[in-house]
Amino acid sequence: MFTGIVEEVGTVVALDLTPGTDGSPGDARLVVRGPLVVSDAGLGDSIAVSGVCLTVADLPGDGTFAVDVMPESLRRTALGDLGPGAPVNLERAVRADARLGGHVVQGHVDGVGTVRRRTPGPRWDEVEVALDPGLARYVAEKGSVAVAGVSLTVTAVGDDWFGVSLIPTTLAATTLGGAAVGTRVNLEVDVLAKYVERLLATGGVR
């Protein structure tokens, strides 16, 4: 589990893609430089890379770590857009005795959105993100959403978009500070909304 509080902006060293046999996405080996998050990492640990929970498969000892990305993750996320030098938000799995500074983030991306509008303010930016209407029903004004692994409060909601405000810390300490219009971003909605829908659909609430 994660909190959506980014610890470090890492840099992609390599993304080696293996094509699928039928032309669909295969798997990939992703190598990322992130000295802070690997400082106490071990093989098998979980690290969120721009909101995607991935398992550490190799630790060369040079401040980098490698992870294996399965076809499902490539289909559902924007990880396949990455290339050498690309910045990524990094967060280690939360400790049981740590403060939950953001909200409950699983690292299980629900879909990919696109930055559709960006309005700079005196010290903050107002940003609108387009998303699939089927996913928009899980997003509520003043609720939480993870965008590229960053826990944000929703300021406005439409049928196929939502708005967030990026404070100076978010602009300076995450990749969202440089996310221009057209940038694809991983989205994870609040897991509680999905469970509530499931319970109602199955008659689990009586």
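Leu15 approaches Ala28 most closely through the heavy-atom pair CD1-CB, 3.9 Å. Contact record, Pro133 with Asp160: CG-CB, 4.1 Å, taken as the closest heavy-atom pair. Taking each heavy atom of His108 and Glu188 in turn, the nearest pair found is N-OE1, 3.3 Å. The two atoms that bring Met70 and Asp27 nearest to each other are CE-CB, 4.1 Å, heavy atoms only. Minimum interatomic distance between Ala179 and Thr183 (heavy atoms only, all atoms of both residues): C-OG1, 3.6 Å.
Residues Val37 and Phe65 meet the side-chain proximity criterion, which asks for heavy atoms closer than 4.5 Å. Put simply, the side chain of Val32 reaches to within 4.5 Å of the side chain of Val88, judged on heavy atoms. Within the 4.5 Å cutoff, side-chain heavy atoms of Leu152 are placed close to those of Leu176. At least one side-chain heavy atom of Thr170 sits under 4.5 Å from a side-chain heavy atom of Val150. The side-chain heavy atoms of His103 and Val105, taken from C-beta on, include a pair separated by under 4.5 Å. Residues Trp161 and Arg116 are in side-chain contact: their nearest non-hydrogen atoms beyond the backbone lie under 4.5 Å apart. Inter-residue side-chain proximity for Leu74 and Leu17 is flagged as met; some heavy-atom pair is nearer than 4.5 Å. Phe2 places none of its side-chain heavy atoms less than 4.5 Å from the side chain of Ser151.
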Report the C-alpha distance between Val145 and Val147 in whole Å, list the side-chain angles of each, state the deciding distance to 0.1 Å, and finish with yes or no for side-chain contact (heavy atoms from CB on, under 4.5 Å).
CA-CA 6 Å; Val145 64; Val147 180; 4.1 Å; yes
Please step through salt bridge (charged side-chain N to carboxylate O under 4.0 Å, His left out) for the pair Asp16 and Arg29, ending with a clear verdict.
CA-CA 5 Å; Asp16 296 322; Arg29 171 59 70 101; over 6 Å; no
Trace of the salt bridge (charged side-chain N to carboxylate O under 4.0 Å, His left out) decision for Glu126 with Arg117
CA-CA 8 Å; Glu126 301 288 344; Arg117 184 175 300 168; over 6 Å; no
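Here the OG1-CG distance, from Thr64 to Leu59, works out to 7.5 Å after rounding to the nearest 0.5 Å. The CZ atom of Arg184 sits 10.0 Å away from atom CG of Leu79, with the distance rounded to the nearest 0.5 Å. Atom NZ of Lys194 and atom CG of Leu199 lie 13.5 Å apart (nearest 0.5 Å). The CG atom of Asp125 lies 9.0 Å from the OG atom of Ser165; values are rounded to the nearest 0.5 Å. Within the model, atoms CZ of Phe162 and CG of Leu187 stand 5.0 Å from one another, a figure rounded to the nearest 0.5 Å. To the nearest 0.5 Å, the span separating CG on Asp110 from OG1 on Thr77 amounts to 12.0 Å.
Within a 6.0 Å sphere centred on CG of Asp62, heavy atoms belonging to other residues, nucleotides or ligands number more than 12. The 12-atom threshold is not exceeded at CZ of Arg76, counting heavy atoms of other residues, nucleotides or ligands nearer than 6.0 Å.
The main-chain N or O of Val69 is never found under 3.5 Å from a side-chain atom of Ser73 such that the two would form a donor-acceptor pair. At least one donor-acceptor pair under 3.5 Å links the side chain of Thr155 to the backbone N or O of Gly163. Between the side chain of Asn186 and the main chain of Ala78, a donor-acceptor pair closer than 3.5 Å is present.
Neither Val52 nor Val112 shares a network with the other; the hydrophobic side chains, linked directly or stepwise wherever heavy atoms of I, L, V, M, F, W or Y lie under 4.5 Å apart, form separate groups for each. Following chains of ILVMFWY side-chain contacts shorter than 4.5 Å, one cannot reach Leu30 starting from Val9, and the two form parts of different hydrophobic clusters. Put simply, Leu82 and Val13 are part of two different groups of oily side chains (I, L, V, M, F, W, Y) that touch within less than 4.5 Å, one to the next. Linking Ile, Leu, Val, Met, Phe, Trp and Tyr whenever their side-chain heavy atoms come within less than 4.5 Å leaves Val191 and Val109 in two separate clusters. Residues Leu36 and Leu43 do not share a hydrophobic cluster, defined by chaining ILVMFWY side chains whose heavy atoms lie under 4.5 Å apart.
Residue pairs meeting the side chain to side chain donor-acceptor pair (under 3.5 Å) criterion with at least one partner in residues 86-98, sequence neighbours excluded, are Thr3-Glu91, Glu7-Arg92, Asp40-Arg92, Asn89-Thr175, Arg95-Asp97.
Salt bridge present: Glu72 and Arg75 bring a charged side-chain N and a carboxylate O closer than 4.0 Å. In summary, Glu128 and Arg118 do not engage in a salt bridge, as defined by a charged side-chain N under 4.0 Å from a carboxylate O.
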